[in-house]
Q: 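My structure is below; once you've seen it, I'll send some questions.
Given the structure is predicted, the values throughout are model-derived calculations rather than measurements. Counting from 1, the numbers follow the sequence of the chain as shown.
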Amino acid sequence: MKRLKKIILLLGLGLFTVVLFTACARGNNSSQSSSSKSSVTKTSKNTTKKNNKTLIVYFSLTGTTKDAAQYIKKETGADIIRLRPVKAYGDYDSAARRGDRERRNNIHPALATNIPNFSKYQTVLIGYPTWWSRPPMIIHTLFDKYDFSGKTVVPFTTSMSTPIGPSEKVIRQLAEKDGATFKDGIRYDNNKSQVRTWLRKLNLLAK
């Protein structure tokens, strides 16, 4: 009799161990599944926010175009880089004299900036201040130095009052000459709603 009770007790303990192990295994699988889903969700969100096929490249003298570029970066998640000449333009008056001389003599100033992995970008937004209804000649240097063929080029400019039309025409000519697709740009005047609408039409607005 005692032996029978001992056998029943051992069988009961064995069954309890099996049930406990199964429950723990299910709990671990559930935790791993939840962790996996969380990881996928985070990755998805990061991919949405990071638009690594789009580049914002800009030239800014006083900081106005820089502000525009930074806002567009915020709304798109694109990479961004600032163009800098080998020889700095100096103060506003010096820059105006030099910029006018470069324009009249078709001088393309040497570019100090290096853009790593330029070939990976599909869309390039080019920002600049409008000088004499044109982009500064350093933008010409950008097209001299880098191959835009197969890319989409989109300009944005800053100006107190000059519309983008005349300078945009120059960007279009540079882009199409290099085998790029051109899309209409915008004059940034701190109208955030207008900029977001423009980016949405270009399918560049971060979700």
Q: Check Arg187 against Ser159 and note the closest heavy-atom contact, atom names and distance.
A: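 Taking every non-hydrogen atom into account, NH1-O, 2.9 Å.
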Q: Between Phe118 and Tyr146, is the ring centre distance below 6.0 Å?
A: yes
Q: Within the side chain of Lys151, is there an N or O that forms a donor-acceptor pair under 3.5 Å with the backbone of Val124?
A: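 No, Lys151 side chain to Val124 backbone: no donor-acceptor pair under 3.5 Å.
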Q: I need the Tyr58 OH to Ile139 CD1 distance, nearest 0.5 Å.
A: 12.0 Å
Q: Are the side chain of Arg82 and the backbone N or O of Phe59 linked by a donor-acceptor pair below 3.5 Å?
A: no
Q: For residues Asp79 and Ile56, determine if any side-chain heavy atom of one lies less than 4.5 Å from a side-chain heavy atom of the other.
A: no
Q: How long is the gap from CG on Leu199 to CZ on Phe156, to the nearest 0.5 Å?
A: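 These two atoms lie 9.5 Å from each other.
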Q: If you compare all heavy atoms of Ala78 against all heavy atoms of Lys73, which two are closest, and at what distance to 0.1 Å?
A: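 That closest heavy-atom pairing would be O-NZ, 3.2 Å.
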Q: Going from CG on Leu205 to OG1 on Thr197, what distance comes out if it is rounded to the nearest 0.5 angstrom?
A: 9.0 Å
Q: Count the heavy atoms of every other residue, nucleotide or ligand shown that sit under 6.0 Å from NZ of Lys74, and state whether that count exceeds 12.
A: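 Incorrect, the count does not exceed 12.
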Q: Please determine whether side chain to side chain contact (heavy atoms under 4.5 Å, CB included) holds for the pair Thr181 and Val153, giving the CA-CA distance in whole Å, both sets of side-chain angles, and the decisive distance to 0.1 Å.
A: CA-CA 6 Å; Thr181 299; Val153 171; over 6 Å; no
Q: Which atoms form the tightest heavy-atom contact between Asp184 and Trp198, and what is the distance?
A: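 Smallest interatomic distance, heavy atoms only, reads O-NE1, 3.1 Å.
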Q: Checking Trp132 against Thr162 for the side chain to side chain contact (heavy atoms under 4.5 Å, CB included) test, could you report, in this order, the C-alpha distance in whole Å, the side-chain angles of both residues, the deciding distance, and whether it holds?
A: CA-CA 9 Å; Trp132 296 278; Thr162 306; over 6 Å; no
Q: Salt-bridged, Arg97 to Asp93, with N to O below 4.0 Å?
A: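 Not counted as a salt bridge, because no side-chain N and carboxylate O are separated by less than 4.0 Å.
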Q: Could you check whether the rings of Phe148 and Phe143 sit parallel, tilted or perpendicular, using 30° and 60° as the cut-offs?
A: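 Rings of Phe148 and Phe143: parallel, under 30°.
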Q: What residues, two or more places apart in sequence or in another chain, satisfy salt bridge (Lys or Arg N to Asp or Glu O under 4.0 Å) together with Arg196?
A: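 Listed in chain order: Glu75.
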Q: I'd like to check Met137 versus Asn106 (side-chain heavy atoms, cut-off strictly below 4.5 Å). Are they in contact?
A: yes
Q: Looking only at side-chain N and O atoms, does Asn203 offer a donor or acceptor that is under 3.5 Å from a partner on Lys201?
A: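 No, no side-chain donor-acceptor contact under 3.5 Å.
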Q: I need the minimum non-hydrogen distance between Pro166 and Ser133, along with the two atoms involved.
A: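 So the minimum-distance heavy-atom pair works out to CB-O, 3.4 Å.
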Q: Students often mix this up, so state it plainly: with edges at 30° and 60°, are the rings of Tyr71 and Tyr188 parallel, tilted or perpendicular?
A: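 If you compare the ring of Tyr71 with that of Tyr188, the planes turn out tilted.
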Q: Tell me if a side-chain donor or acceptor on Asn105 pairs with a main-chain N or O of Arg101 at a distance below 3.5 Å.
A: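 Yes; judged by distance alone, with no hydrogens or angles, the pair exists.
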Q: Measure the spacing between CG of Leu55 and NZ of Lys120 and express it to the nearest 0.5 Å.
A: 9.0 Å
Q: Under the rule for side-chain contact (heavy atoms from CB on, under 4.5 Å), what residues qualify as partners of Thr123, not counting sequence neighbours?
A: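 With sequence neighbours excluded, Thr123 shows a side-chain contact (heavy atoms from CB on, under 4.5 Å) to Thr54, Leu125, Thr152, Val154, Leu204, given in chain and number order.
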Q: Check for a donor-acceptor pair, side chain of Thr141 on one end and backbone N or O of Pro109 on the other, with a separation under 3.5 Å.
A: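 Flag set: sc Thr141 to bb Pro109 pair under 3.5 Å.
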Q: Kindly say whether Gly90 contributes a backbone atom to a donor-acceptor pair with the side chain of Ser94 at under 3.5 angstrom?
A: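 Not confirmed, Ser94 side chain does not pair with Gly90 backbone.
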Q: Ignoring hydrogens and angles, tell me if any N or O in the side chain of Arg98 forms a donor-acceptor pair with the backbone of Ala88 under 3.5 Å.
A: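 Yes: the side chain of Arg98 pairs with the backbone of Ala88.
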Q: With no hydrogens and no angle check, just 3.5 Å: does a side-chain donor-acceptor pair link Tyr89 and Glu102?
A: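 Note: Tyr89 and Glu102 side chains meet the donor-acceptor criterion.
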Q: For the atom pair CZ (Arg104) and CD1 (Ile107), what is the distance rounded to the nearest 0.5 Å?
A: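 Output value for this atom pair is 9.0 Å.
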Q: Is the closest basic N to carboxylate O distance between Arg172 and Glu168 below 4.0 Å?
A: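 Salt bridge: no.
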Q: Of the non-hydrogen atoms in Pro155 and Phe182, which two are nearest, and what is the gap between them?
A: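 Scanning both residues completely, I find the closest heavy atoms to be CD-CE1, 3.6 Å.
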Q: Under 4.5 Å between side-chain heavy atoms, counting indirect links through other Ile/Leu/Val/Met/Phe/Trp/Tyr residues: same cluster for Leu61 and Val86 or not?
A: no
Q: Do you know the tightest heavy-atom contact between Thr113 and Lys145?
A: O-NZ, 3.0 Å
Q: Let me confirm one number: the CD1-NZ distance from Ile164 to Lys169, rounded to the nearest 0.5 Å.
A: 14.5 Å
Q: Answer yes if the side chains of Thr65 and Thr158 hold a donor-acceptor pair under 3.5 Å, and no otherwise.
A: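 Per modelled atom types, Thr65 and Thr158 side chains form a pair under 3.5 Å.
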Q: Got a donor-acceptor contact below 3.5 angstrom from the Asp178 side chain to the Ala180 backbone?
A: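 No; judged by distance alone, with no hydrogens or angles, the pair does not exist.
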